[in-house]
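I have placed the structure first, in the form of structure tokens, so that the comments after it can refer back to it.
Throughout, a chain's letter reflects where its sequence line sits, starting with A, and its residues are numbered from 1.
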Amino acid sequence: MSDFPPLPQEARGKRPVFFDDPAIDTLLGMLLELAQAHWVARERLARLEHWAAHAVTSATVPFDDCYALPAEAAARLAAERDSFVARLFAPVTKG
Amino acid sequence: MSRFVTPALALSPTPDEQAAQAFVSSLRNHVLNPLAAAMKARFEAEIAPSLPEGATGRDVHAAMRGDRLFRFYSAARVKAQDMVWASVRPIIDRERRSLADRFRALAADRTTAGTLTLDPGLPIPKNVAALDVHRMPGNYHLDAGADDLAAGALYENGLAVFSFGLMGETLDDIGQSIALWLRHRLPDFAPDAVLDLGCSVGHQTLPWKRAYPDARVTGIDVAPACLRYAHARAQAMGVEAHFVQADATRAPFPDASFDLVFSSMFLHELPKADIRAVFREAHRLLRPGGLMLHYELPPNAKLSPYDGFYLDWDSDYNSEPYYRGYRDLVPADEVARAGFHGFFEASVPSLGWYGADAIVAAADADRAEASDRLGRLGDGVTWYCYGGFRGPAA
């Protein structure tokens, strides 16, 4: 715990709006929050799957916040993340 | 995303928090590379042909406003900007006391002779106090006093997410690249004293000490928590530097006390009157023959109307109100107006992206090449810098 006051959560100033109907700006923001939450779950699942496949057999490595993917698997996951983001925006660039 | 953060000051995000940060970096990378490229292709194919001869960046903006790709690009970029800060803020809230403790320990460490001098009575200029620049909640000057590092930590950790590797392993690619370029461009130049204006957490300050080890290197800024962070970071990295809380329009140093006055991404945060005051102050602070050198966004005059529009996006939508006005200035005119001579400008290849040989070649070529990579955070970035020399004493 910190004895400092919490940092401000929002930037001062008017938030820009780009679509004629501001609901679309709002919905895009919601979509990106949801996509981020999905990605967090995806990474956790990837770590868990790796642990289940490789570590549990030895019963010596716990699954906790210290359990990390090896570099090669982490790089594959990073490529998957970039691909996921590209798929999110594909309808925008192709439409 | 602690990869690019100073290890001694790194936060401890959970795996979920790291995944959230990595998502934001991927999102920004996608928006600023493929989505930006698609937007430019759309402009060239469908909008440029209808623009009149002599169209400006403002005309391009007006024509693009209703474009669907521009709207998605912009809305996603604003959201990604907010997600940058949101992805680091809760971790800093959780570790703010630990950061303060680490600052105290590093400040007490006598590994280097570096110093920190704060001035609690210094007024925060309106261009800082009234804004949250690039939508960073609380802005640079946020400070809870007594060892607080939060604003510096928010900036460094945010920048690590924001720049998705383009600012180098220690977020100092600009300083490293330009210091290397200068050493080859002016091999006989050996400054005894270097001043970095608006240094924030000192990312681009420390490369000068590495480039010129015998020089006394000083960084100034108005933001106390950023300066504490800069001092702790320099101590942790074992690089001697001196950080002083001061306003660059009236720096607390005697006349003719520096050989190199540098700034990085600073001038575009200032109103025009303050930019001119900073140039006059640099002239006062430099010894005869000394060099004023700025890394900055390229001026509109060096860019195509589209690229000018692209860079000015921040001025319209990212809480950078002085950005466009700065880029409308002509650097050669401003440098001459302040009394400097020998104006020069250069496009310096990013050390991380192109390597040292490209920087040496650029120093030999001695020119600023206009391109859509110039000053634009994206793949293949090159850094624009310019400056001039103080003449001999009258």
Show the nearest heavy-atom pair for residues A:R12 and B:N139, with the distance to one decimal. NH2-CB, 4.2 Å
Ring pair (Phe, Tyr, Trp, His ring centres under 6.0 Å) involving B:H30 - partner list, sequence neighbours excluded: A:F89
State the OG1-CZ distance between A:T93 and B:F72, to the nearest 0.5 angstrom. 10.5 Å
Report which part of B:Y73 has an atom under 4.5 Å of a heavy atom belonging to chain A: side chain, backbone, both, or neither. neither
Taking 4.0 angstrom as the limit, do A:D3 and B:R96 come out as a salt bridge? no
State which residues pass side chain to side chain contact (heavy atoms under 4.5 Å, CB included) with A:L45; sequence neighbours excluded, sorted by chain then number. A:R42, A:E49
Do B:S26 and A:D82 get their side chains close enough for a donor-acceptor pair, meaning under 3.5 Å? yes
Among B:A76, B:S87, B:A151, residue most engaged with chain A (heavy-atom pairs, under 4.5 Å): B:A76
In Å, rounded to the nearest 0.5 Å, how long is the span from OH of B:Y317 to CZ of A:R15? 13.5 Å
I need the B:T14 OG1 to A:D65 CG distance, nearest 0.5 Å. 6.0 Å
Which atoms form the tightest heavy-atom contact between B:R89 and A:P8, and what is the distance? CD-O, 3.2 Å
Toward chain B, the part of A:A41 with a non-hydrogen atom under 4.5 Å: neither
Taking all atoms of both residues into account, what is the closest heavy-atom pair of A:F4 and B:A146, and its distance? CZ-O, 4.1 Å
Please work out whether the ring planes of A:F18 and B:W313 are parallel, tilted or perpendicular, with thresholds of 30° and 60°. parallel
Enter the distance from B:D16:CG to A:R47:CZ here, rounded to the nearest 0.5 Å. 7.5 Å
Flag the pair A:E43 / B:P15 as yes when at least one side-chain heavy-atom distance between them is below 4.5 Å, and no otherwise. no
What's the shortest heavy-atom distance between A:Q36 and B:V24, and which atoms? NE2-CG2, 3.3 Å
At their closest point, which heavy atom of A:L7 faces which heavy atom of B:A150, and how far apart are they? CD2-CB, 3.8 Å
Separation between CE (B:M83) and CD (A:E33), nearest 0.5 Å, reads 4.5 Å
What part of A:L28 is in contact with chain B, defined as an atom under 4.5 angstrom from a non-hydrogen atom: side chain, backbone, both or neither? side chain
Residue B:A86 versus chain A: region with a heavy atom under 4.5 Å: neither
Which atom names give the shortest non-hydrogen contact between B:P137 and A:Q9, and what distance separates them? CG-O, 3.9 Å
Can A:E10 and B:R135 be counted as an ion pair, charged N to O under 4.0 angstrom? no
Between B:K79, B:R71, B:M39, who has the most heavy-atom pairs with chain A when the cutoff is under 4.5 Å? B:R71
Greatest number of non-hydrogen atom pairs under 4.5 angstrom with chain B, of A:P16, A:C66, A:A68, A:A37, falls to A:P16
Give the member of B:A144, B:A20, B:G138 that has the highest number of heavy-atom pairs under 4.5 Å with chain A. B:A20
Residue among B:V133, B:L131, B:D316, B:L142 with most heavy-atom pairs under 4.5 Å to chain A: B:L131
